[in-house]
Amino acid sequence: MYDSFIRENSNILKDYLLKKYNLKENVTIEKGTISDVEFYTSLPLKIAKKIKKTPMEIANEFSSLKFFGIKKIEVAPPGFLNFYLIDGIYLDYFNSFSVNKHNKNGKKINIEFISANPTGPFNVVSGRAAAYGMALSNLFEYLGWSVTKEYYINDAGRQVNIFANSIYKAYQKKYESRNVEFDEGEYNNPYIYELADIFKSRISDSNDPIELLKKIALKETNDTNKKFLKDIGLEFDIWFSEKSLYDSNKHKNYVLKTLEKKRLLYEKDNALFIKNTELGDSQDWVLKKSNGDYTYLFGDIMYHINKYQRGFDRAINIWGPDHISGVKRLKKALTAFGIPEDFLEVIILQQVELIKGGKKVTMSKRSGNYVTLKEVIDSVGSDAAKYYFLSKTASQHIEFSLDSFEKDNEKSPIFYLQYMFARINGVILKANSLEEPRKITTLLNSEKSIIYNLFLFESIINESVQKMEPSLVITYLSKIATEFHKFYHNNKIIGNENEEELLNFIKKLGIFIKEVLNLLGFTAPERM
RNA sequence: GCGCCCAUGGCUCAGCUGGAUAGAGCAACGGACUUCUAAUCCGUAGGUCGCAGGUUCGAAUCCUGCUGGGCGUACCA
C-alpha cells in the first residue's frame, strides 16, 4: 500500500518529466519531516537548474498533475511539493494491516553474538550484545530469513588454562592456607573462590586438579550462563565449542593442507605463518606459535570454514571494538578457502566503559573490576536493561555507571511503550469486549496520526535490518506511543458514541504493539 | 605514527545516501486526576549541532585539516 503509493506517484512525475522536458530523473517521495506534512518531494529544487525554471514555478506546474490517492497537494517554499492522502487509504490500510512474518525467503543466516570467554559470569558489556543480537535475529526472522543464533564457546587455548590455574590457587589459598601469589594476567576475583567452594571436595580427591578444573569449571560456568540467558528470554540454537574443532585432526589438516597446496604457508622462527599479504592483507600472521599452540586466528579460520560449509547464505558476527583488527585478517584468510569476503559481516558494537567514582575504569574479568549483567538486571529488570542497550546505535560509545543507571531506569522509556499496551488491555477488559477486532469505518484525526505511522512499519523494519540498527524500531515505536497516549487522553472509549469503532481500533493496535515489543525482545505486560 | 569509532540543550541519546523552523526522554519551572491505570497529558525555559576551512541554490548531514575522548595496531583471546 505504502509502496504502491510511492511508486505510482513517483512514476507520474517521472513520466511527466520525460515527456515534457525529455529529462530522465530519479524521483523520490519521502515521508514528511515537519509538522503535519504527510509526504513530500524536493524534486523541483533538484531539477530547477536543469530545466531553467525556478523551483516554485516547477512545483506549481507539478501541482496540477493528477496523482493517485491524494486528498490535497500543496506547494511550499522554497520548492517543496507536499502530499496528503485521502482517508480511504488510511482506513483500507488499517483494516488489512497485520504484522505477519514474511514468507520464508529460503535463505539461511547465522548470527553469532556474545561469545564471551567462559571464565566467569557475564558482565554488562555482554548485555549489550545480548539485547542487540536477540533483536536483530528476530528482525531477520520477521523478514523471512531462517536464523541460527549461535554462541561460540572459547573453551580451547591458554585462557582456559589460566582460569583453571587461578581456581586451583584460590583453593590452595582458602583451603590449604598456602601462601600462593596470583600472577599477572591470572583471575583474581570472587567468582573463582565460588568455584573453589563448589568443587572443593573433587579438587582434593584429584591427582590432576588443573585438568579436572578445566573440565568441570568450564561446564559449570557455561551452564550457569546458559540458564541465565534463558531466564532473560534468550535461547541460542547452537553452542559451538572451539575445542571441538581440535578434537580430531580433520579440521586442522584441512586448513594446513589447503594452505600448503596454495603455497600460503611458511615457517619462520619456529612458528607457522599464513601468507595473508598474498591475499591482499597488509601483513602475514601466525597460525601456530613456536611453542606448538595454535593461535585464535587459526581456530577462527576453522570455525568459519565450518560455518560456510553448513550452508549459510550470510554470517553475521557481533564483536566488541577490541576485535576490530581481527576482521580483515580473518576475511582475507578465508578467501584462501574459496569463501567470499562478503560472506562474513562483522558488526562492531562499540565500547561500554565503566564509570566508578566519576572515573573510567577498565572492565576486566581477571581483576574482578566489572559489573555483572546479573547485578544490573536484578536491580532494574531485564526489559529496562535491554532497552538501555538497544536504544543506542551500535557505533555509539556508552559510559556506564551503575548508580546513575539505576536512578535513570526507574523512569525507563520502556515503561512508556509497555504502558500503551497495558492501557489498551485495561480498556478491553473493562468493556468486556473480548472478540476479535472488526473493521473500522470512520477515522478520527488522532487515529490517523497513528495509522500514518503504521503505514511506515514495513519500511522501518527493512531499513533497520539493512542498517542493522534495531534502535530504529525503538524510535519508531516511541513515536507511536506518543500518538497513542495523546489519543487515549483525548478520547474516552467506554461510553463513547463510537465505542465499537474505538474498541476495534485499539484492539488491533494492541496486537500490533505486542508483536513489535516481542520482536525487539521485550515483554508486553497486560497490566502494570 | 597508522587504522576504526565518537563529539548535537545541564544529563542520556535520535536525526547523518544534503532540503522547509535541529527532535525525544530525564532534570527544572507552571498547569490537568468526581474520568477506561496521572508509569499519562498540556505548557514554559534551555542548542555558535567540538573548532576552522571547502563543495552546494541549500550542510548537523558530504570533503579536507585540527582539537578532545575510546579502542586497536601481539607467536593475547
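Chain letters run A, B, ... following the sequence lines, proteins first and then strands; every chain starts at 1.
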Could you pick out which residue, Gln350(A) or Pro413(A), lies toward the 5' side of RNA chain B when each is mapped onto its nearest nucleotide? Gln350(A)
Minimum heavy-atom separation for Ile274(A) to Ala333(A), with atom names? CD1-CB, 3.8 Å
I'd like to know if Asn82(A) reaches the base of A20(B) with its side chain such that a donor and an acceptor end up less than 3.5 angstrom apart. yes
Reckon Lys479(A) has a side-chain N or O less than 4.0 Å from the OP1 or OP2 of G25(B)? no
For the P atoms, the ones on C62(B) and on A7(B), what distance do you get once it is rounded to whole angstrom? 11 Å
In whole angstroms, the gap separating P of C11(B) from CG of Asp403(A) amounts to 18 Å
Give Glu399(A) one of three labels, base, sugar-phosphate or nothing, depending on what nucleic acid heavy atoms sit under 4.0 Å from its own. nothing
Any Lys49(A) side-chain N or O less than 4.0 Å from OP1/OP2 of U56(B): no
Relative to the ring of Phe240(A), is the ring of Tyr152(A) parallel (under 30°), tilted (30 to 60°) or perpendicular (over 60°)? tilted
Should U44(B) form a Watson-Crick or G-U wobble pair with both distances under 3.5 Å, which nucleotide is its partner? A28(B)
Within the 4.0 Å heavy-atom criterion, would you say Leu272(A) contacts the bases, only the backbone, or no part of the nucleic acid? nothing
Between Glu25(A) and Lys46(A), is the closest basic N to carboxylate O distance under 4.0 Å? no
Taking only the P atom of each, what is the distance from G72(B) to A20(B) in whole angstrom? 39 Å
Any strand, both distances under 3.5 Å, Watson-Crick or G-U wobble: A38(B) pairs with none
Whole-Å C1' distance, A32(B) and A14(B): 29 Å
State whether the aromatic ring of Phe80(A) stacks on the base of A20(B), taking stacking to mean ring centres under 5.5 Å apart and ring planes under 30° to each other. yes
Taking atom P in both U55(B) and U64(B), what distance in whole Å separates the two? 15 Å
One pair to check against side chain to side chain donor-acceptor pair (under 3.5 Å): Asp383(A) and Gln418(A). What are the steps and the verdict? CA-CA 10 Å; Asp383(A) 280 332; Gln418(A) 291 176 326; 3.0 Å; yes
Would you measure the distance from the P atom in U73(B) across to the matching atom in C16(B) and give it in whole Å? 32 Å
Using a 4.0 Å heavy-atom cut-off across all strands, classify Ser42(A) as base, sugar-phosphate, or nothing. base
If you look at every strand shown and take non-hydrogen atoms under 4.0 Å, does Lys288(A) touch a base, only sugar-phosphate, or nothing? nothing
Validate the cation-pi geometry between Lys411(A) and Phe415(A): distance from NZ or CZ to the six-membered ring centre under 6.0 Å, angle to the ring axis within 45°. no
Using OP1 and OP2 only, check whether a side-chain N or O of Ser478(A) sits under 4.0 Å from A24(B). no
Once you apply the 3.5 Å cut-off to both distances, tell me the Watson-Crick or G-U wobble partner of U64(B), or none. A52(B)
Using a 4.0 Å heavy-atom cut-off across all strands, classify Val327(A) as base, sugar-phosphate, or nothing. nothing
Nearest-Å distance, CG (Leu477(A)) to C1' (A24(B))? 14 Å
Need one value for Asn117(A): base, sugar-phosphate or nothing, where a base atom within 4.0 Å counts as base even if backbone is also close, heavy atoms only. sugar-phosphate
Return the orientation label for the His323(A) and Trp319(A) ring planes: parallel under 30°, perpendicular over 60°, tilted otherwise. tilted
Base, sugar-phosphate, or nothing for Asn409(A), non-hydrogen atoms under 4.0 angstrom? nothing
Categorize Thr393(A) for me: base, sugar-phosphate, or nothing, with a 4.0 angstrom heavy-atom threshold over every strand shown. sugar-phosphate
When you check the phosphate oxygens OP1 and OP2 of A27(B), does a side-chain N or O of Lys411(A) lie under 4.0 Å from one of them? yes
Quick one: label Asp269(A) by what it contacts on the DNA or RNA (base, sugar-phosphate, nothing), any heavy atom closer than 4.0 Å. base
Identify whether the distance between the nearest side-chain nitrogen and carboxylate oxygen of Lys448(A) and Glu38(A) falls below 4.0 Å. yes
Which part of the nucleic acid, if any, lies within contact of Lys492(A), taking any heavy atom under 4.0 Å across all strands shown: a base, the sugar-phosphate backbone alone, or nothing? base
What's Tyr40(A) touching, base or sugar-phosphate or nothing? Going by heavy atoms closer than 4.0 Å. base
Need one value for Arg527(A): base, sugar-phosphate or nothing, where a base atom within 4.0 Å counts as base even if backbone is also close, heavy atoms only. base
Which sits closer to the 5' end of RNA chain B, Glu30(A) or Ser290(A), going by the nucleotide each is nearest to? Glu30(A)
Give none if U17(B) has no partner; otherwise give the nucleotide forming a Watson-Crick or G-U wobble pair with it, both distances under 3.5 Å. none
Going by a 90° cut-off around 0, is C51(B) syn or anti? anti
What does Glu526(A) touch in the nucleic acid at a heavy-atom separation under 4.0 angstrom: a base, only the sugar-phosphate, or nothing? base
Phosphate OP1/OP2 of A38(B): any Tyr416(A) side-chain N/O under 4.0 Å: no
For Tyr419(A) and A38(B), is the shortest distance between a side-chain N/O and OP1 or OP2 below 4.0 Å? yes
His485(A) aromatic ring stacked with six-membered ring of A39(B), 5.5 Å and 30°: no
Given the side-chain rings of Tyr132(A) and Phe113(A), with only the six-membered ring counted for Trp, is the space between their centroids under 6.0 Å? no
Tell me the interatomic distance from Ile493(A), atom CD1, to U37(B), atom P, rounded to whole angstroms. 10 Å
Pick the C1' atom in C5(B) and in G43(B), then give their distance to the nearest Å. 40 Å
Could you give the distance separating U48(B) and G10(B) at their P atoms, to the nearest angstrom? 8 Å
Hunt down the Watson-Crick or G-U wobble partner of C2(B), both distances under 3.5 Å, from any strand shown, or write none. G72(B)
Separation of the C1' atoms in U67(B) and A27(B), to the nearest angstrom: 30 Å
